[in-house]
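Numbering of ligands and ligand atoms starts at 1, following listing order. In this chain, residues are counted from 1 in sequence order.
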Amino acid sequence: MAKLKKLNLCVLISGNGSNLQALIDACTVPEFPAQIGLVISNKASAGGLVRAKKNQIPTLVVDHKAYPTRADFDRVMTKAMEDNSTELICLAGFMRLLSDAFCDNWRDRMINIHPSLLPSFKGLGVQQAAIDAGVGFSGCTVHYVRKEIDTGPIIVQAAVPLKSFDTADSLAARILVEEHKIYPHAVRLIAEGKVTISNERALTADNDRQTQSLINPPIEN
Ligand code: GRF
């Protein structure tokens with residue numbers, strides 16, 4: 001049987017790397033159409049580096065403090081990714097802003113996961129912001145990356161209902177469970193060639209298979 005040509009990923013992290021772990025786990029399934037060729041962290045202490053090493057994935061630390069400008073930092077990462085034949089960058093808790101040139105260079109080849117239903121609640125502290133706004137649902141979003149923070153065509157979203165007793169931590173934990181499902185799902189859709197970008201919308205035929213609406217609080221029968 002012909003060997004599956006896998007999409008080669010580079011995952012960029014700064015911390016714990018639970019989303020990296022979800023991608024690692026997905027990639028261990030032989031039929032999964034992607035592989036992780038490289039993990040880059042801007043912090044040597046990032047827990048995600050241990051996860052990568054445990055799985056024999058090459059790692060690189062590019063300490064942003066060692067470079068005079070953001071452009072220099074981004075150039076070093078690009079060189080490492082080009083040498084590794086990266087086809088898709090997955091930002092997974094990467095806590096650095098990227099230069100415009102970097103975003104242009106990797107346009108439509110770089111995705112991010114964010115713990116809200118974008119375009120609501122961009123930036124940091126978004127779980128508390130959702131609680132404070134009193135929304136019935138928050139959730140998470142995988143999207144292509146554009147220059148403005150937390151913008152870009154939306155590939156997959158998961159909705160998570162809010163509870164009256166939620167704290168930022170309890171909500172973040174429930175959202176993370178869904179993040180770990182939708183990040184590999186989005187990568188699979190891209191790797192299988194199912195995502196097209198048209199007028200800055202990411203379209204998949206699979207969208208049309210979703211038929212269920214969600215109501216919170218639910219209507220009692
Ligand atoms: C996640 O909530 C992700 O949505 C956000 O940063 C967090 C990273 O968590 N961008 P982890 O390092 O993957 O556990």
Participant: Within ligand 1, which atoms have a heavy atom of S18 less than 4.0 Å away?
Facilitator: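 It comes down to these atoms of ligand 1: 11 (P), 12 (O), 13 (O), 14 (O).
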Participant: Any carboxylate oxygen within less than 4.0 angstrom of a Lys/Arg side-chain nitrogen, looking at R75 and D72?
Facilitator: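 Salt bridge: yes.
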Participant: Report the nearest protein non-hydrogen atom to atom 10 (N) of ligand 1: residue, atom name, distance rounded to 0.1 Å.
Facilitator: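 Minimum-distance protein heavy atom for atom 10 (N) of ligand 1 reads I113 O, 2.9 Å.
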Participant: Among all protein non-hydrogen atoms, which one is nearest to atom 13 (O) of ligand 1, and what is the separation to 0.1 Å?
Facilitator: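 Result for atom 13 (O) of ligand 1: N19 N, 2.8 Å.
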Participant: With the threshold set at 4.0 Å, does a side-chain nitrogen-carboxylate oxygen contact exist between D100 and R146?
Facilitator: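 Salt bridge between D100 and R146, a charged N being under 4.0 Å from a carboxylate O: no.
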Participant: Starting from atom 1 (C) of ligand 1, what is the nearest protein heavy atom, named by residue and atom, and what distance separates them?
Facilitator: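 Looking at atom 1 (C) of ligand 1, the protein heavy atom closest to it is E179 OE1, 3.2 Å.
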Participant: Is there a nitrogen or oxygen of G17 sitting under 3.5 Å from a nitrogen or oxygen of ligand 1?
Facilitator: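 Yes.
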Participant: Does the side chain of S99 come under 3.5 Å of the side chain of D74 through a donor N or O and an acceptor N or O?
Facilitator: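 There is such a pair (donor and acceptor under 3.5 Å, judged by atom type) between the side chains of S99 and D74.
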Participant: Can you name the side chain to side chain donor-acceptor pair (under 3.5 Å) partners of K79, sequence neighbours left out?
Facilitator: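 Applying side chain to side chain donor-acceptor pair (under 3.5 Å) to K79 gives D83.
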Participant: Taking D104 first and then R107, would you say they form a salt bridge - that is, a charged N and a carboxylate O separated by under 4.0 Å?
Facilitator: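 The answer is no: the pair does not qualify as a salt bridge.
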Participant: Check each atom of ligand 1 against the heavy atoms of G93 and keep those under 4.0 Å away; list them by number with element.
Facilitator: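 The list of qualifying atoms is 6 (O), 8 (C), 10 (N).
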